[in-house]
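Worksheet: the structure to be examined is printed underneath.
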Number of protein chains: 2
Amino acid sequence: MTVMLENASGAPRYMALAEALRARIAGGDPAIGELLPTEHALCETYGVSRHTVREALRLLAEAGLIARRRGAGTVVVAAEARAHFTQRLGGVDDLMQYARDAKLQPRHTRSGPLDAAVARAFGVATGGEFFHVAGVRGRPGETPIALTDVYIRADIAPPVETIVEMGGSVTEWIASERGVPTARIEQSISAGALTEREAEPLDAEPGEAALRTRRRYYDKGGRIIALSDSVHPGERFTYDMVLMREAE
Amino acid sequence: MTVMLENASGAPRYMALAEALRARIAGGDPAIGELLPTEHALCETYGVSRHTVREALRLLAEAGLIARRRGAGTVVVAAEARAHFTQRLGGVDDLMQYARDAKLQPRHTRSGPLDAAVARAFGVATGGEFFHVAGVRGRPGETPIALTDVYIRADIAPPVETIVEMGGSVTEWIASERGVPTARIEQSISAGALTEREAEPLDAEPGEAALRTRRRYYDKGGRIIALSDSVHPGERFTYDMVLMREAE
DNA sequence: AAGTGGTCTAGACCACTGG
DNA sequence: CAGTGGTCTAGACCACTTA
């Protein structure tokens, strides 16, 4: 028994079919966790070719409504597509939007296991060798923009000299030179007052409001690549982002 | 003259073809702005069917390397896919991660054109009628999390009573009730000290560090839907985000 | 008018999943 | 083992761009 597809204003068949299926899913006919009819069945039901069915299912899969498993079938994973917004960054460097010449100028470096206090602040387990670089970020000779602490997993960390020369980000160097690309970044942004210890190298007043960012970089397997902690005195930095609605 | 495709470890042909084309583009053979061979030509060159060619081109288009225009051809728009990171939000509500019951409690409302000072602060043009709601956000009866000012374009703003009842976000109401979905959000995050005027309703100390977020909501046509400005006392709020590397 | 990419059909074989 | 989705072929017509 074949069903006619709404052909609203000359939309392609696969779109009309996708819309029909979306409506059925929204109505809960194949509820979440249940299987959609097979491709073959959909071909017969709607009187279209398999290619057309697959194009329709591709749309639904892109929208996150269904998941497909060879040999097993097509399962409904969401009843309706929510409006998704994404922030798109060109790369890790865009995370904090420093001027290109605002390099990290190391003040101290040290190797060793992660301090208990540092591990707790980042919410990660202690242990493991890390290479710690503390420094300021800014154009050489000018008032610095930020005070930064970076902890890099020791087995993949660049040599000290490299970090000093390095214009770009440490994680991009690790991706290209060590073959360990960053797969996930977790970032926390908060506000807090500058401590005396922080104020001095930044040439700022203690107690002044500051933006704090803490980031964890992970590889594909969930192992930590690096941790970073930055403090930006209030008026010197704004974090701007643009979020676009995703195509549905 | 047909070219053999690398068939590394049983990868599908369309992937092998996509890889071959990606390599050519990376090498600058069809440079940015130039046209790729037509689908028909690629079929002959690589000895595959048109469907296979189209699957390969679809991959490259998804990676942002090429753009396709019916009747005109396939143009190269980027030489290599950069590592992109995206922050995925479930919806507008996820932008600021308030607890679900942290509603906006209006203290003042007013209608009229945008103040010159407000327009300057947001970096938008003056003029146009807006509905202004000022209030605090938090669980009723508890210390508020934030002080918020929202400016909603008057012609699509909800009635006052609705805003008070409304649990969710104003922009989602506008999307569903007025048919004007948000297409783009611009957000700025900075740190600054609390003013006396801000400290009082927040039950905080003047001069305390605070996180300030300013957002502009735009519709598809680039018209402003709403503007919002929030101040979060330092220790009461952290903005967390997770960025995932995009599939290439 | 010729050529492009977009849609669509009717087949086929395969890798994988499940009973 | 039967049935699933994944890949692939060889055709066809269409809407659109460009000249």
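Residue numbers start from 1 in every chain, and the chains themselves are labelled A, B, ... in the order their sequence lines are given, proteins ahead of strands. Below, each value reflects all heavy atoms present in this structure, side chains not excepted, and no hydrogens, waters or symmetry copies.
At distances below 3.5 Å, not a single donor-acceptor pair connects side-chain atoms of B/R50 with backbone N or O atoms of B/C43. No side-chain donor-acceptor contact under 3.5 Å links B/R214 to the backbone of B/F122. Checked by atom type and distance alone, the side chain of B/R178 never pairs as donor or acceptor with a backbone atom of B/W173 at under 3.5 Å.
Phosphate contact (OP1/OP2 of C/dT7, side-chain N/O of A/Y14, threshold under 4.0 Å): present. Phosphate proximity of C/dC8 to A/S49: absent, as no side-chain N or O sits under 4.0 Å from OP1 or OP2. Proximity of A/R54 to the phosphate of D/dG5: no side-chain N or O atom is located under 4.0 Å from OP1 or OP2. Distances shorter than 4.0 Å separate some side-chain N or O of A/T52 from OP1 or OP2 on C/dT9.
Taking atom CZ of residue A/R58 and atom P of nucleotide C/dT7, one finds them 11 Å apart after rounding to whole Å. Straight-line distance from the CG atom of A/L35 to the P atom of C/dT17: 15 Å, rounded to whole Å. Counting to the nearest Å, the C1' atom of C/dT9 and the CD atom of A/E39 are 15 Å from each other. The nearest whole Å value for the distance from the NE2 atom in A/H40 to the P atom in C/dT9 is 15 Å. Distance CD1 (A/I66) to P (D/dT4): 15 Å, rounded to an integer number of Å. If you measure from atom CD of B/E55 to atom C1' of D/dA10, you get 16 Å, rounded to the nearest angstrom. Atom-to-atom, CG of A/L57 to C1' of C/dC8 comes out at 16 Å; the value is rounded to the nearest Å. When rounded to the nearest whole Å, the span between NE2 of B/H51 and C1' of C/dA12 equals 12 Å.
For B/S111, there are no side-chain hydrogen bond (donor to acceptor under 3.5 Å, both in side chains) partners two or more places apart in sequence or in a different chain. For B/P113, the side chain to side chain contact (heavy atoms under 4.5 Å, CB included) criterion is met by B/E129, not counting sequence neighbours.
Here C/dG5 is the nucleotide among C/dG5, D/dG5, D/dC8 with the atom lying nearest to any side-chain atom of B/R68.
Note: A/H132 and A/Y151 have parallel aromatic rings, judged against thresholds of 30 and 60 degrees for the angle between ring planes. Taking the six-membered ring where tryptophan is involved, the planes of A/H51 and B/H51 are perpendicular, since the angle between them exceeds 60° and thus also 30°.
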Where protein sits on nucleotides 13-19 of chain D, one letter per nucleotide: B base, S sugar-phosphate only, - none, heavy atoms under 4.0 Å: --BBBS-
